[in-house]
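Quick notes on the structure that follows.
Per chain, numbering begins at 1; letters A, B, ... match sequence-line order. Please read these numbers as outputs of a predicted model, since none were measured by experiment. Atom set for the values below is all heavy atoms of this structure, side chains included, hydrogens, waters and symmetry mates excluded.
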Amino acid sequence: MVRFTLNGAAASVELPGEVPLLHALRGPLGLSGPRYGCGAEQCGACMVLVDDVPRHACTLALGAVEGKAVRTVEGLGTPERPHPLQAAFLAEQAGQCGFCLSGILVSAAALLARDPDPDEATIRAALEPHLCRCGSHNRIVRAVRRAAGALRGEEARA
Amino acid sequence: MSGGAQFHGLVTPEDGRPRLPGSLHTNRRLAQWLTFHREGFVTIRPGKVELGQGILTALAQIAADELDVALARIRVQPAATPDSPNEGVTSGSLSVQDCGAALRHACANARAIHLSVAAQRTGVPLAALRVEDGTFLGPAGPVGSYWAQADDALLECEALPEARPKPPAARRVAGTSAPRLDLPDKVFGAARFVHDLRLPGMLHARVVRPPARGARLLEVREGPLPGEARVVRDGSFLAVLAAAEHDAEAAAARLAARARWQEADTLPEEGALADWLRAAPHERSLVAERDGAAAPAASVVRATFFRPPVAHASIGTCCAVARWSDGALEVWTHSQGIYNLRADLAKVLRIAPERIVVRHVEGAGCYGHNGADDVALDAALAARAAPGRPVRVLWSRTEELGWAPFSPAMLVEVEAAADAAGNLVSWRAEIIGNGHSSRPGRGAEPTLLSGEYVEGGVPVPPSINPPMAGGGGAQRNAVPLYRVPRLRVDLRRLTVMPLRSSALRGLGAPVNVWAIESTMDELAARAGADPIAYRLRHLDDPRAAEVLRAVAEMAGWEGRARREGVGMGVGFARYKNSGAWCAVIAEIAAEAEVRARRLWIAADVGEAINPDGVANQLEGGAIHGVSMALKEAVRFDRRRVTSDSWETYPILRFSEVPAVAVRLLPRPDQPPLGAGECALAPTVAALAGAIRDALGVQVRAMPFTRETIAAAMDAA
């Protein structure tokens with residue numbers, strides 16, 4: 001039994017600790033956001049946050065997240081209460097097939113948590129582990145900048 | 001002109017029936033396309049499928065417009081056999097033409113039927129009725145609605161040719177940048193992809209591929225497998241089946257180590273692929289010939305252009321779910337053509353097509369014929385071992401990059417001549433390579449990967465090229481749009497196919513357009529002319545000239561300054577010579593590798609149903625072109641594809657993506673043309689032109705890397 005926090009709630013999984021986290025998330029935990037893309041840390045489709053740090057769920061052993069906080073795209077926001085990044089991706093129509101977006105969104109969230117005003121090169125560097133085949137890169141970068149602006153505005157008002 | 005008017009009264013010679021627009025002609029019953037619901041919404045049923053290109057949003061916009069209902073009232077039903085209209089394959093940038101035209105006409109017809117019934121019932125003259133968000137309004141207010149008449153089976157009839165869609169100026173929803181209907185699910189991580197299906201009792205399977213192409217399975221040693229996984233074997237098709245996905249994955253790895261195969265060298269020498277193409281058995285055909293009066297040639301350009309095979313390289317690997325019950329099969333798939341897939345599944349599985357239901361569920365972007373159909377057969381084969389249970393098969397990255405069909409290697413040889421004034425007088429080209437279509441459902445033999453490996457299976461036949469009337473395959477865009485009195489284009493389609501090839505975004509266009517545009521650059525240089533001015537003086541098509549002028553203006557072409565190590569180039573094509581016009585200017589920096597810095601794109605796609613969606617497709621197609629041109633090549637040894645990871649098959653990354661500016665020429669009165677493929681080939685050509693501008697060398701082989709550029713310099 002492996003116990004951890006998943007998107008703010010307690011979670012436990014009856015799987016051997018060496019099973020990749022991705023299989024636990026998509027299997028018994030029933031999530032769809034983290035996606036299999038390569039199984040080799042080469043595309044970023046499976047990216048999740050472990051204690052706020054982007055990690056490849058395809059190779060990370062489930063046992064390694066014992067007691068930690070795991071956040072997936074499902075934990076960012078909902079259609080009713082979207083995360084500013086999700087709102088910005090919709091505003092910029094930043095995506096085509098969308099298969100890469102779950103991973104990109106969590107990496108972008110980690111970036112904005114440590115750098116509230118990243119320039120374009122910083123955003124591209126943060127998203128470098130992610131592949132997008134549809135060519136939505138520039139829209140994605142614009143969306144991250146838009147979300148950064150929105151987040152800073154929210155903080156200014158708070 | 002309305003979509004319906006141009007067809008009014010025409011009878012098609014093929015079937016003697018009055019011509020109806022797009023796919024409505026062969027799927028004539030209105031109820032097949034749309035249904036009104038009492039609850040106040042409309043279901044539309046396109047036969048075309050969402051591939052991440054946003055087509056369902058555009059189709060919903062067309063329906064909302066013609067019906068006069070809010071876009072939010074349109075529900076789009078994913079395609080499924082046997083009820084969805086059979087619209088063939090979602091490919092070739094034809095969905096708006098085929099399906100959009102059909103839906104526009106069907107909805108206009110449905111609206112007219114409902115209004116005439118309302119007029120009869122209420123006594124309000126038809127001319128005094130209008131529709132506002134589905135409610136019928138007469139002079140004195142509401143008199144009914146689609147919703148109130150929803151149960152009346154009014155659409156159980158054939159469409160009429162005389163239905164009249166709205167004139168362009170009356171459209172309110174089509175022509176606007178409505179947000180994508182599918183995107184919210186994708187940014188909230190909802191279960192939208194076929195990969196996310198979780199059916200009760202579902203099992204997971206993985207295929208164990210041979211270590212070499214065409215290898216035969218000799219023996220599988222017995223032994224325990226994780227999760228009590230079961231082995232499924234049919235001839236040389238080998239798979240494992242387990243309740244949990246991680247067990248299936250682990251079991252496949254263990255089983256692979258226990259399998260013994262008979263292997264042989266079946267692939268050409270990678271380093272001598274161009275020579276192999278020239279020598280391979282083939283079938284020759286004439287693509288186009290023109291023999292006009294021409295001035296004598298004063299200057300001749302000869303060049304050969306080579307591109308290795310390239311992969312679709314979807315971010316999501318191929319996936320399908322299948323379930324057998326009582327000898328009937330149900331399949332959930334991201335195939336581009338559900339009826340075509342059904343036909344080939346029936347051939348391999350030796351059951352009647354009517355015993356198979358194929359349901360489309362979205363997958364990752366495919367960019368053409370990838371392994372989507374193949375994995376559906378894999379799922380059907382694996383599921384045969386567990387009747388009544390849904391079985392999900394997911395390909396590994398290794399399978400995706402190593403076993404899906406590729407866009408074939410191509411060799412294009414050009415000989416062009418100009419007169420003393422520098423004007424083009426003759427053009428000869430020969431295109432050599434495998435065919436570009438191996439889609440299922442079109443031939444006598446099935447074309448699905450595992451069909452070759454099952455007991456009694458036969459090899460996938462060599463790919464074909466669609467005829468020029470259908471846009472062509474290898475020969476797509478091989479006939480220049482530039483004025484030239486003498487022309488001959490030949491095609492050599494190989495009759496052997498060591499590496500399975502099929503359709504990838506643009507088919508032959510990226511190589512043909514690159515060959516044409518590079519040759520035009522060389523002729524312009526010899527004539528002492530500006531590359532764009534030289535193209536313009538050979539173009540009679542005003543819409544072609546307009547995209548070139550527009551892109552020149554966007555990029556500041558005229559006033560561009562020469563900078564050390566930086567180059568600008570232009571590429572132009574009208575996709576398939578019958579689709580969208582697109583011109584691209586690329587700016588590159590020649591560093592250790594060529595780096596694309598900026599792209600400017602001007603396009604004319606006729607009526608743009610969703611301008612932002614069109615821009616997204618143009619940007620995406622262009623970035624795909626940069627990736628193909630600068631980075632991509634399928635690698636192989638004599639037995640297997642070796643570029644089966646993202647490390648060995650790199651594609652363009654965030655730090656390498658150029659800035660892209662798009663201008664769409666407004667053509668609301670012109671028929672809509674697809675936008676997904678038109679930008680790719682001109683982008684490849686523009687990059688080659690920019691390299692020439694920066695380094696003074698004409699690259700002759702893709703991808704444009706340090707090695708191929710150095711080789712071109714040596715050859716010069």
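Within the 4.5 Å cutoff, side-chain heavy atoms of A/Arg139 are placed close to those of B/Glu619. Side-chain contact between B/Pro184 and A/Leu90: present, with at least one pair of heavy atoms (C-beta onward) separated by less than 4.5 Å.
Residue contact with chain A, scored on non-hydrogen atoms closer than 4.5 Å, is absent for B/Leu401. Only the side chain of A/Ile104 has a heavy atom closer than 4.5 Å to any heavy atom of chain B. When heavy atoms are compared at a cutoff of 4.5 Å, B/Ala244 does not approach chain A at all.
For B/Ala229, the side chain to side chain contact (heavy atoms under 4.5 Å, CB included) partners two or more places apart in sequence, or in a different chain, are B/Leu225, B/Ala242, B/Ala251.
Using cut-offs of 30° and 60° for the angle between ring planes, the B/His246 and A/His23 rings count as tilted.
Among the candidates A/Pro79, A/Cys43, A/Pro20, the residue making the largest number of heavy-atom pairs closer than 4.5 Å to chain B is A/Pro79. Here A/Leu131 is the residue among A/Leu105, A/Val19, A/Leu131, A/Val73 with the most heavy-atom pairs under 4.5 Å with chain B. By number of non-hydrogen pairs under 4.5 angstrom with chain B, the leading residue of A/Ala125, A/Cys132, A/Ser136 is A/Cys132. Considering only heavy-atom pairs separated by less than 4.5 Å from chain B, the leading option among A/Leu76, A/Thr72, A/Leu31 is A/Leu31. Among A/Arg35, A/Arg124, A/Gln96, the residue making the largest number of heavy-atom pairs under 4.5 Å with chain B is A/Gln96.
Side-chain atoms of A/Asn138 come within 3.5 Å of backbone N or O of B/Pro658 as a donor-acceptor pair. Of the possible donor and acceptor atoms, one in the side chain of A/Glu128 sits under 3.5 Å from a partner among the backbone N and O of B/Ser655. Side chain of B/Arg397 to main chain of A/Tyr36: no donor-acceptor pair is present (N/O by atom type, distance under 3.5 Å, no hydrogens or angles).
Contact record, A/Cys97 with B/Phe193: O-CZ, 3.3 Å, taken as the closest heavy-atom pair. Of all non-hydrogen atoms in B/Tyr367 and A/Cys134, the two that sit nearest each other are OH-SG, 2.9 Å. In plain terms, the two heavy atoms of B/Lys186 and A/Gly98 that are nearest each other are CD-CA, 3.9 Å. Heavy atoms only, all atoms of each residue included: B/Leu183 and A/Phe89 are closest at CD2-O, 4.2 Å.
Taking CZ from B/Phe188 and CD from A/Gln86, the interatomic distance works out to 4.5 Å, rounded to the nearest 0.5 Å.
When the shell of 6.0 Å around CZ of A/Arg3 is examined, it contains 12 or fewer heavy atoms from other residues, nucleotides or ligands.
Taking a cutoff of 4.0 Å between a charged side-chain nitrogen and a carboxylate oxygen, A/Arg133 and B/Glu400 do not qualify as a salt bridge.
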Evaluation steps, side chain to side chain donor-acceptor pair (under 3.5 Å), between B/Arg192 and A/Ser32: CA-CA 8 Å; B/Arg192 189 175 178 101; A/Ser32 294; over 6 Å; no
